[in-house]
Participant: 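Got a structure here, written out as structure tokens. Questions coming.
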Amino acid sequence: QVQLVESGGGLVQAGGSLKLSCAASGTFVSIDDMGWYRQAPGKQRAFVASITSSHGTKYADSVKGRFTISRDNAKNTVILQMGSLRPEDTAVYYCHADFERRIREFFTEDESWGQGTQVTVSS
């Protein structure tokens, strides 16, 4: 099993910055894509950003130019640097990872979600 633990959430004023971190631990062969999703009150969970093992990135249109995703493969950690924050960025942010596990001589693919970290942006 793989556990994802997020950190770095908090309260920040509009225009400010926050850095979210997510560390993966447990038993796995490798981690492929990692990403961040968010869920605001009354809304569905939405994609924010993702990064492949080779550092290719994708961003939701709403955060392009403001957020930067990065990863440290050696540390199995993904980072979301958030800048120019807006009140509409307020949400619980969840870390996600796709990974491979080995069971005996077989390899399987699975996914894992973190428990989430609250980000609140005030006006």
Side-chain angles (χ1 to χ4, degrees):
Q1 57 183 13
V2 173
Q3 295 80 43
L4 301 177
V5 180
E6 304 100 333
S7 62
L11 175 64
V12 64
Q13 64 269 37
S17 301
L18 277 177
K19 180 181 177 181
L20 304 183
S21 298
C22 173
S25 63
T27 302
F28 53 86
V29 176
S30 63
I31 298 179
D32 192 10
D33 293 354
M34 300 187 78
W36 291 92
Y37 294 73
R38 65 187 182 186
Q39 187 167 20
K43 298 182 179 179
Q44 294 185 333
R45 187 171 298 187
F47 170 80
V48 176
S50 66
I51 184 168
T52 68
S53 60
S54 59
H55 305 283
T57 59
K58 292 183 178 180
Y59 297 91
D61 288 341
S62 60
V63 306
K64 286 181 179 178
R66 299 190 298 121
F67 293 9
T68 300
I69 189 170
S70 61
R71 67 188 290 168
D72 185 332
N73 291 338
K75 297 181 179 180
N76 297 316
T77 299
V78 61
I79 303 295
L80 185 67
Q81 179 65 58
M82 305 184 294
S84 301
L85 285 163
R86 306 164 180 169
E88 52 264 41
D89 294 318
T90 295
V92 176
Y93 284 69
Y94 297 90
C95 179
H96 178 267
D98 294 318
F99 62 93
E100 294 185 352
R101 299 175 62 192
R102 182 178 180 179
I103 303 176
R104 300 291 174 86
E105 72 273 30
F106 301 104
F107 294 88
T108 62
E109 296 186 355
D110 209 343
E111 64 176 354
S112 184
W113 290 91
Q115 293 300 305
T117 184
Q118 177 70 48
V119 172
T120 302
V121 184
S122 62
S123 299

Participant: Is the shortest side-chain heavy-atom distance between V92 and T117 below 4.5 Å?
Facilitator: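 Counting from C-beta outward, V92 and T117 never come under 4.5 Å.
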
Participant: Any chance you could measure E109, atom CD, to D32, atom CG, to the nearest 0.5 Å?
Facilitator: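 Reported value, rounded in 0.5 Å steps: 7.0 Å.
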
Participant: Any donor and acceptor pair, going by atom type alone, linking the side chain of Q81 with main-chain N or O of T68 inside 3.5 Å?
Facilitator: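 Absent.
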
Participant: Do F67 and L85 come close enough that some side-chain heavy atom pair is under 4.5 Å?
Facilitator: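 They are in contact (side-chain heavy atoms under 4.5 Å apart), so the answer is yes.
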
Participant: Under a 4.5 Å cut-off applied to non-hydrogen side-chain atoms, are W36 and C95 in contact?
Facilitator: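 Sidechains of C95 and W36: in contact.
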
Participant: Please find out if less than 6.0 Å separates the ring center of Y37 from that of Y94.
Facilitator: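 Centroid distance Y37-Y94: not below 6.0 Å, so no.
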
Participant: Could you tell me the separation between the CG atom of D98 and the OG1 atom of T52, rounded to the nearest 0.5 Å?
Facilitator: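 Atom-to-atom, D98:CG and T52:OG1 are 11.5 Å apart.
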
Participant: Taking the side chain from T77 and the backbone from K75, do they hold a donor-acceptor pair closer than 3.5 Å?
Facilitator: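 Confirmed, T77 side chain pairs with K75 backbone.
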
Participant: Does any N or O in the side chain of R102 come within less than 3.5 Å of the main-chain N or O of R104, such that one atom is a donor and the other an acceptor?
Facilitator: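 Yes; at least one donor-acceptor contact below 3.5 Å.
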
Participant: What closest approach, in Å, do L4 and A97 show between heavy atoms, and which atom pair accounts for it?
Facilitator: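 Taking L4 first and A97 second, the nearest heavy atoms are CD1-N, 3.7 Å.
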
Participant: Under a 4.5 Å side-chain heavy-atom rule over Ile, Leu, Val, Met, Phe, Trp and Tyr, are W113 and V78 clustered together?
Facilitator: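 Not linked; separate clusters.
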
Participant: For V2, is there any backbone N or O sitting under 3.5 Å from a side-chain donor or acceptor partner on S112?
Facilitator: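 Yes; judged by distance alone, with no hydrogens or angles, the pair exists.
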
Participant: With a 4.5 Å heavy-atom cut-off, do V119 and L20 have their side chains touching?
Facilitator: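 They are in side-chain contact.
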
Participant: With sequence neighbours left out, what residues match K43 under salt bridge (charged side-chain N to carboxylate O under 4.0 Å, His left out)?
Facilitator: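 None.
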
Participant: What are the two closest heavy atoms between E6 and Q115, and how far apart are they?
Facilitator: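 Where E6 meets Q115 most closely, the heavy atoms are OE1-N, 3.2 Å.
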
Participant: Kindly compute the distance separating CZ (R71) from OG (S54), expressed to the nearest 0.5 Å.
Facilitator: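 One gets 8.5 Å once the value is rounded to the nearest 0.5 Å.
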
Participant: With rounding to the nearest 0.5 Å, note down the distance linking OG1 in T57 to CD1 in I69.
Facilitator: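 So the gap between those two atoms works out to 8.0 Å.
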
Participant: Is it the case that over 12 heavy atoms from other parts of the model lie below 6.0 angstrom from the CD atom of E88?
Facilitator: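 For E88, atom CD is crowded (more than 12 foreign heavy atoms under 6.0 Å).
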
Participant: Can R86 and D89 be counted as an ion pair, charged N to O under 4.0 angstrom?
Facilitator: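 Answer for the salt bridge query: no.
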
Participant: Between Q39 and A46 (side chain of the first, backbone of the second, donor and acceptor by atom type, cut-off under 3.5 Å), is there such a pair?
Facilitator: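 No, because the side chain of Q39 does not come within donor-acceptor range (under 3.5 Å) of the backbone of A46.
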
Participant: Looking at side-chain heavy atoms only, is the closest gap between L80 and V48 below 4.5 Å?
Facilitator: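 Yes, at least one pair of side-chain atoms sits under 4.5 Å.
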
Participant: Is there a side-chain contact between I51 and D33 in this structure, where contact means two heavy atoms from C-beta onward sitting under 4.5 Å apart?
Facilitator: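 No, too far: nothing below the 4.5 Å cut-off.
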
Participant: Would you confirm whether N73, through its side chain, and S53, through its main-chain N or O, come within 3.5 Å as a donor-acceptor pair?
Facilitator: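 Side chain of N73 to backbone of S53, a donor-acceptor pair under 3.5 Å: yes, one is there.
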
Participant: Any chance you could measure F99, atom CZ, to T27, atom OG1, to the nearest 0.5 Å?
Facilitator: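 Rounded to the nearest 0.5 Å, the CZ-OG1 separation comes out at 9.5 Å.
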
Participant: Tell me, please, which residues at least two apart from A14 pass side-chain contact (heavy atoms from CB on, under 4.5 Å).
Facilitator: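 P87, V121.
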
Participant: Residues sharing I103's hydrophobic cluster, by side-chain heavy-atom contacts under 4.5 Å among ILVMFWY, directly or via others?
Facilitator: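 Reading the cluster by chain and number, I103 sits alone, since nothing else belongs.
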
Participant: Side-chain contact test, heavy atoms from C-beta onward, threshold under 4.5 Å: evaluate it for D110 versus F28 and give yes or no.
Facilitator: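 In short, these two side chains do not touch, never coming nearer than 4.5 Å.
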
Participant: Yes or no on side-chain hydrogen bond (donor to acceptor under 3.5 Å, both in side chains) for R38 and Y93, after CA distance, side-chain angles and deciding distance?
Facilitator: CA-CA 4 Å; R38 65 187 182 186; Y93 284 69; 2.8 Å; yes

Participant: Check whether any side-chain heavy atom of R66 lies under 4.5 Å from a side-chain heavy atom of M82, and answer yes or no.
Facilitator: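 Not touching, per the 4.5 Å side-chain cut-off.
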
Participant: Just how far is it from atom CD1 of I79 to atom CE of M34, taken to the nearest 0.5 Å?
Facilitator: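 Here the interatomic distance stands at 9.0 Å.
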
